[in-house]
Number of protein chains: 2
Amino acid sequence: MGKAEDTKARVERAALTLFVARSVAETTTREIAMAASIAEGTIYRYFPSKERLALDMFLRHHRALAEALDEAQRPHATLGPKIDAIVRCYCDWADRDWTLFAYHLLNQHSFLAQVPDDAPNPVNVVRDVIDQAMTAGEIPKHNADLAAASAIGVVLQAATYKVYGRFEGPLSPHVKFFADAAWAVLAVKTG
Amino acid sequence: MGKAEDTKARVERAALTLFVARSVAETTTREIAMAASIAEGTIYRYFPSKERLALDMFLRHHRALAEALDEAQRPHATLGPKIDAIVRCYCDWADRDWTLFAYHLLNQHSFLAQVPDDAPNPVNVVRDVIDQAMTAGEIPKHNADLAAASAIGVVLQAATYKVYGRFEGPLSPHVKFFADAAWAVLAVKTG
DNA sequence: ATTAAATAAGTGAGCAATCGCTTTTTTCAA
DNA sequence: TTGAAAAAAGCGATTGCTCACTTATTTAAT
């Protein structure tokens, strides 16, 4: 890695950590610079603004996660294995870079409106998988968005609890529980 | 309602709306005053700071929701009816004052650390109900916090989707689905 | 020598909060 | 009932400060 790239990466990592610990709005460029051991002005050699620094990191992770989830589910033919693969992929990503995952989780409200319509989207990946399973008669037909929300909630609320410190340790050991629980939600007959 | 109380309520409602639409940090006292049709200085007759205005509203709702959930579940003896009552109560609260509910949902990360330890807590109410059901052998024994997170996630992620505009309309029509899904999550045998 | 990278001292805009003042409401003696 | 005095509510220009971002200068790699 060249020196410039290293500096850019250090700025991103420092910003990420602070953005999660406090929030984007409450983190100052001065703090980011101090945490990255550089001068404040150096940030602006790599990013046009604090907002764009925050947005770029969000969008990059958003797209990469969507692509990873889609690749994980694609090889499988039926809903059961697809759920397993998606849940495992989610948990792996959370455990591999928890700070980045938490940043993405906590800042959807701020940035979701700025995701390009045609960009890969983690939520759409799950929704489409569920939609297909409903069409194929694998699970009862409901509102697919609502069913997707509740199924995703099984995993994401656990991740949210981890952010709040209500729950500790990696998510991966609970993959089987999450996958079974998500399946159970989708198999519910009433609606 | 006296004039002063009316003004205080107008300040809170204006702040709430803006805090949800943007965020606490990105909302200015000037904007709050304009939305409430009062002068900026008048805010400080009723609140010592913008932070306290934001915190007070969060804590009041946090405590009231916890007490409502506890009262809703208490009359029932077994887990099934307790889940029904809790889910119905959650959805009623969300539908009755969606802005307040969304504010509470979106700002847990900022304020949860400032909740007094002895204050009633919505999450603890649910966790305790699940804990008792596990002890009574109504459902398989797991980590109660994790099970509570996943069960609550079924409802809260749907509410989150509503915040993001992925899902429309009141939550109450889906109470039966949410309750059945939460039950299904808790009945999962693997862990 | 050239130039990209980094620095550090600005700069001005925008912010929360203040305060001296005015207006409105309440109190209560005559 | 009246109306003068007191208290409460409301105002908005001002203040001091913090912030994101800029720019003139220095450092160091090739």
Side-chain angles (χ1 to χ4, degrees), chain A residues 1-60 99-100 103-104 106-107 109-111 113-114, chain B residues 1-60 99 103 106-107 109-111 113-114:
Chain A
M1 196 189 297
K3 189 147 183 246
E5 288 163 53
D6 172 72
T7 303
K8 183 172 182 180
R10 286 225 313 289
V11 170
E12 289 189 336
R13 183 50 52 172
L16 200 62
T17 308
L18 290 163
F19 288 169
V20 170
R22 327 206 359 162
S23 72
V24 174
E26 286 160 355
T27 298
T28 68
T29 50
R30 175 184 261 260
E31 287 173 315
I32 296 168
M34 280 179 58
S37 304
I38 52 147
E40 206 177 343
T42 305
I43 293 169
Y44 293 89
R45 184 161 292 279
Y46 300 101
F47 303 95
S49 69
K50 187 179 83 163
E51 254 331 277
R52 276 290 297 276
L53 162 59
L55 179 63
D56 285 358
M57 288 193 293
F58 180 90
L59 290 180
R60 196 190 315 144
T99 308
L100 182 57
Y103 172 68
H104 182 254
L106 291 169
N107 290 279
H109 185 48
S110 311
F111 296 125
Q114 296 176 71
Chain B
M1 197 192 295
K3 184 135 185 266
E5 289 164 52
D6 172 71
T7 303
K8 184 172 182 180
R10 285 224 316 287
V11 170
E12 290 189 336
R13 183 51 51 171
L16 200 63
T17 308
L18 290 162
F19 289 169
V20 170
R22 329 214 349 175
S23 72
V24 175
E26 287 161 351
T27 298
T28 68
T29 50
R30 176 185 263 260
E31 287 173 316
I32 295 168
M34 278 180 58
S37 305
I38 51 147
E40 213 175 335
T42 305
I43 294 169
Y44 294 89
R45 288 255 176 246
Y46 301 99
F47 303 96
S49 68
K50 187 179 84 163
E51 255 332 278
R52 275 290 297 276
L53 162 57
L55 178 63
D56 285 357
M57 287 194 294
F58 180 90
L59 291 180
R60 197 190 315 144
T99 308
Y103 172 68
L106 291 168
N107 290 280
H109 185 49
S110 312
F111 297 125
Q114 296 175 72

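Residue numbers start from 1 in every chain, and the chains themselves are labelled A, B, ... in the order their sequence lines are given, proteins ahead of strands. All heavy atoms count here, side chains included; hydrogens, waters and symmetry mates do not.
- Rounded to an integer number of Å, the gap from CZ of B:F47 to P of D:dG10 is 12 Å.
- Judged as a side-chain hydrogen bond (donor to acceptor under 3.5 Å, both in side chains), and not counting sequence neighbours, B:Q114 has no contacts.
- Whole-Å rounding puts the B:M34 CE to D:dG10 C1' distance at 17 Å.
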Each nucleotide in nucleotides 16-23 of chain C should get exactly one letter: B, S or -. Can you fill that in based on protein heavy atoms under 4.0 Å?
BBB-----

Set out, in order, the CA-CA distance, both residues' side-chain angles and the distance that settles side chain to side chain contact (heavy atoms under 4.5 Å, CB included) for B:T28 and B:K50, then state yes or no.
CA-CA 9 Å; B:T28 68; B:K50 187 179 84 163; over 6 Å; no

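- Other residues, nucleotides and ligands contribute only 12 or fewer heavy atoms inside 6.0 Å of the CD atom of B:E51.
- Taking atom CD on A:E26 and atom P on D:dT18, their separation rounds to 16 Å, with Å as the unit.
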One pair to check against side chain to side chain contact (heavy atoms under 4.5 Å, CB included): A:D6 and A:R10. What are the steps and the verdict?
CA-CA 6 Å; A:D6 172 72; A:R10 286 225 313 289; 2.9 Å; yes

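- Atom CG in A:D6 sits roughly 14 Å away from atom P in D:dA29 (whole-Å rounding).
- Under the 30°/60° scheme for interplanar angles, the aromatic rings of A:F58 and A:F111 are found to be tilted.
- Scored by the ring-ring contact (aromatic ring centres under 6.0 Å, His included) test, A:F47 finds no partners at all (sequence neighbours excluded).
- For the pair A:R22 CZ and D:dC19 C1', the computed distance is 13 Å after rounding to whole Å.
- Using a 4.0 Å cut-off, no side-chain N or O of A:Y46 falls inside it from OP1 or OP2 of C:dA5.
- Nucleotide D:dA9 holds its P atom 14 Å from the CZ atom of B:R10, rounded to whole Å.
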